[in-house]
K.L.:
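There's a structure below that I have some questions on.
Lettering follows sequence order; numbering is per chain, from 1.
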2 protein chains.
Amino acid sequence: MSDTKIRNMEEFSAISGLSRPTVSKYFHDPESVRASTRAKIEEALERYDYRPNIFAMNQNRKLTKNVGIVVPLLSDPYFAEIARNLEQRCLDAGYRPTLFSAHGDPELEVEVLNTLRSMKPAGVLLAPLGRASQTRELKKFCDDIPTLIFDSSVDELGLAFVGSDNMQFTTHISDYLCRTGEPPCFFEMKTPANPNAHRRRQSYLNAMESFGHTPQVISIAGEGWSFEEIGRTGGHEALKSKQFGTNTILCSNDRLAIGLLTACYEQGVVVGRHPEAAIRIAGQDGHPHSRYTCPPLTTISHDYDAVSKHAAEALFAAIEGHVEPWKSTRLEGKLILRDSA
Amino acid sequence: MSDTKIRNMEEFSAISGLSRPTVSKYFHDPESVRASTRAKIEEALERYDYRPNIFAMNQNRKLTKNVGIVVPLLSDPYFAEIARNLEQRCLDAGYRPTLFSAHGDPELEVEVLNTLRSMKPAGVLLAPLGRASQTRELKKFCDDIPTLIFDSSVDELGLAFVGSDNMQFTTHISDYLCRTGEPPCFFEMKTPANPNAHRRRQSYLNAMESFGHTPQVISIAGEGWSFEEIGRTGGHEALKSKQFGTNTILCSNDRLAIGLLTACYEQGVVVGRHPEAAIRIAGQDGHPHSRYTCPPLTTISHDYDAVSKHAAEALFAAIEGHVEPWKSTRLEGKLILRDSA
DNA sequence: ATATAAATTTTACGCGCGTTAATTTTAGGC
DNA sequence: GCCTAAAATTAACGCGCGTAAAATTTATAT
């Protein structure tokens, strides 16, 4: 590795014995130049560590290789995990991913979208916050930039939607709970931050009806994304005022369940499916942490890998020109049986 | 809002009735132009949504406004939280933060650093993975780009180090545990992923010595960053073979403690500080999840806000030319008393 | 009103690379 | 060795903005 600094592509093409346009072509697509030429460049690349100036590169290119990944809340390990998965797929496909989080704030989400706009991304993978108020901004964004919506769907925006089949989630786990004990009541936030919650409640109601059971929904107060705390506080209240009509509680999501488990612990309520337990608690999401609660949480898990694979591939296909009509793909979850229910 | 598209700064300066260099100056620093001029620009900004092309902007500027934030593992809520905090501070200070995670992989960390290099960042906030093998690459990076190291220190690299006082952490919580019950043994990974673990073990040994107690360190096997699973597996083994010489266990970090709590649950070992409990467990870090374990985890918490405030301010000061000699700032943690110990 | 400093305008070049069109070289088949 | 298609070179322009120097205008104090 020589340490003479290469200032630009002009200099680099000189030392590799080629012309600048050829080298430029190489960086755009290594396969587009002759093998012997490619060898020359890659040899020079070994000796000098030159990298094209990305700012100059992206300035004129109609299509950059940038891909934006936007999640509503990165501190939620569920989104962190799926973002990591997507990021890796972008890298493997030769794109340059950039990660953004709205941190639960709709205004920040709009800010992120604007930042993204100025990066001229080839495409964006977006898990929207799902506030109705932002749909207009969102629509404008999707009109300008190839955007694939994942996790939670908003109208028929973007190229396509890929996410989990929330209906199937709730139906499946409700079925399991009904078959193995008392039919569940449903524990949720009155004003959920995530729109998937509505589908889950509805599926719960449908499932209970089809089983011939009376549904009971406990909707607790609380705003924002601190689901565990909301679940804990709401759980305390519900326990104290004996709102749970059955010994089985299906939570709208795992984070709420985690908070409820804490509330149960704090009130000395024993949770589990063994005979001495007072109640059963189940969640939904397959949250990375659900394995480590006490008792470990029975839940129905997103197929993280399949969701991100579908999402990434659909976006890349669209970027590369394979036009397809808008489509919604909803993947099934897998029941994970643990000790809590 | 008119919808005639502004193509570039030339056009924008025209409709705001000013010259391009003045407008350019404004975007570089709004305070650098006369108030009346600023008003004109901002009025035009209301009517037309023009944003300077960031690629063209950054191309020639010696110093961009980009700031890189690099953490070893974004799916760890501890890093996610501190990254969020740092990101906000960058935004507030007028910088453009970009978030990166090494996802626990040293090679990816080097990749991230190279990507960052090509972004010509004004500065970087880096929490290194801490693998000895990477220090050379890391040093080269720090030589070229103003880098502030946080969370875990590597030699005397970069502009400065800001992190928590791991010695104080362990000393303080050891002291608490000794005063309130049996002296603790120390539960850690044999080959920790994070170098802070070594300081914590040493502080534990020192603390026990100064209290006149015999220390006991249980080092469990396991590679990588799946601390909960490592803690759970190692916990099971340690419990079965009765390796814990006391009824009090201080874990090297909260994630390990969370895994150990699960192991205890699974073996029917009651954890807590009440009379019926068999053992006490304490963690270290103040992990966002520690509040919701069962029992809630007693721990000593990073001062998230203070760490990120110090780190961000030190970097901004350096960027703005306030040269200071290398300095290490280690902030104290706060004991959080909960039910586990 | 006048002087002076500060702000703005004008003019012009450069950054590093994308890209295009015309020209020349090269590789591979006959 | 010749022909042809493919690849590389040459030459040149443009992208959108940073920036510098000189000329001009504006604001503020006297």
Side-chain angles (χ1 to χ4, degrees), chain A residues 4-45 48-66 94 96 115 117-122, chain B residues 4-45 48-66 94 96 115 117-122:
Chain A
T4 42
K5 292 281 170 202
I6 309 297
R7 300 174 172 281
N8 52 38
M9 197 179 280
E10 196 76 53
E11 287 188 20
F12 179 75
S13 65
I15 62 143
S16 44
L18 294 163
S19 70
R20 188 172 67 78
T22 303
V23 172
S24 173
K25 243 186 127 197
Y26 168 85
F27 281 112
H28 188 66
D29 174 15
E31 298 299 311
S32 69
V33 302
R34 209 182 301 162
S36 60
T37 308
R38 194 159 52 241
K40 278 189 200 170
I41 295 177
E42 278 160 5
E43 186 192 323
L45 233 31
Y48 308 86
D49 68 334
Y50 164 73
R51 289 196 153 202
N53 181 312
I54 52 166
F55 301 115
M57 274 183 65
N58 289 334
Q59 176 157 11
N60 306 314
R61 250 223 267 272
K62 51 210 98 191
L63 212 62
T64 69
K65 283 282 187 178
N66 299 332
R96 291 175 38 92
T115 303
R117 221 182 257 274
S118 65
M119 291 178 58
K120 296 187 195 169
Chain B
T4 43
K5 292 280 170 205
I6 310 297
R7 300 174 172 282
N8 52 39
M9 198 179 278
E10 195 76 56
E11 287 188 20
F12 180 75
S13 64
I15 63 143
S16 43
L18 295 163
S19 71
R20 188 173 66 77
T22 304
V23 173
S24 172
K25 243 185 129 198
Y26 167 85
F27 281 111
H28 188 67
D29 174 14
E31 298 299 313
S32 68
V33 301
R34 209 182 296 158
S36 60
T37 308
R38 196 159 53 237
K40 278 189 200 171
I41 295 178
E42 278 160 5
E43 186 191 323
L45 232 31
Y48 308 84
D49 67 334
Y50 164 73
R51 290 196 154 204
N53 180 312
I54 51 165
F55 300 115
M57 274 184 65
N58 290 334
Q59 176 157 11
N60 307 314
R61 251 223 268 271
K62 53 210 95 184
L63 213 60
T64 69
K65 283 282 187 177
N66 299 332
R96 291 175 39 90
T115 302
R117 222 183 255 275
S118 65
M119 291 178 58
K120 294 186 195 168

K.L.:
Listing request: all side chain to side chain donor-acceptor pair (under 3.5 Å) pairs with a residue in residues 21-37 of chain B, at least two apart in sequence or in separate chains.
P.N.:
B:Ser19-B:Thr22, B:Tyr26-B:Glu42, B:His28-B:Arg61
K.L.:
Taking heavy atoms of chain A and a 4.0 Å limit, find me the 5'-most and 3'-most nucleotide of DNA chain C within that range.
P.N.:
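Nucleotide range with atoms under 4.0 Å of chain A: C:dG16 to C:dA27.
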K.L.:
Under 4.0 Å between any heavy atoms, over every strand shown, what does B:Tyr50 touch: base, sugar-phosphate, or nothing? Just pick one.
P.N.:
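Sugar-phosphate contact only.
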K.L.:
Just to verify, what does A:Arg96 make a salt bridge (charged side-chain N to carboxylate O under 4.0 Å, His left out) with, not counting sequence neighbours?
P.N.:
none
K.L.:
Sequence neighbours excluded, which residues qualify as salt bridge (charged side-chain N to carboxylate O under 4.0 Å, His left out) partners of A:Glu10?
P.N.:
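For A:Glu10, the residues satisfying salt bridge (charged side-chain N to carboxylate O under 4.0 Å, His left out) (neighbours in sequence not counted) are A:Arg20.
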K.L.:
Holding to side chain to side chain donor-acceptor pair (under 3.5 Å), I want the full list of residues that pass it with A:Glu11, two or more places apart in sequence or in another chain.
P.N.:
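Testing A:Glu11 for side chain to side chain donor-acceptor pair (under 3.5 Å), a comparison that skips the adjacent residues, returns none.
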K.L.:
Could you list the residues that satisfy side-chain contact (heavy atoms from CB on, under 4.5 Å) with B:Ala44, not counting sequence neighbours?
P.N.:
B:Phe12, B:Ile15, B:Ser16, B:Arg47
K.L.:
Using a cut-off of 4.0 Å between protein heavy atoms and nucleotide atoms, how would you tag nucleotides 8-13 of chain D 5' to 3' with B, S and -?
P.N.:
SBBBB-
K.L.:
Just jot down the side-chain contact (heavy atoms from CB on, under 4.5 Å) partners of A:Lys40, sequence neighbours excluded, or say none.
P.N.:
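side-chain contact (heavy atoms from CB on, under 4.5 Å) check on A:Lys40 returns A:Leu18.
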K.L.:
Going by side chain to side chain donor-acceptor pair (under 3.5 Å), name the residues that satisfy it together with B:Arg7, two or more places apart in sequence or in a different chain.
P.N.:
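Testing B:Arg7 for side chain to side chain donor-acceptor pair (under 3.5 Å), a comparison that skips the adjacent residues, returns none.
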K.L.:
Check the distance between D:dT19's C1' and B:Asp29's CG and give it to me in whole angstrom.
P.N.:
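Distance check: B:Asp29 CG to D:dT19 C1' gives 16 Å.
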K.L.:
Can you tell me how far CZ of B:Phe27 sits from CD1 of B:Ile54, rounded to the nearest 0.5 angstrom?
P.N.:
13.5 Å
K.L.:
Which residue lies toward the 5' end of DNA chain D, A:Ala56 or B:Ser24, if each is placed at its nearest nucleotide?
P.N.:
A:Ala56
K.L.:
What is the distance, rounded to the nearest whole Å, between atom CE of A:Met57 and atom P of D:dG14?
P.N.:
22 Å
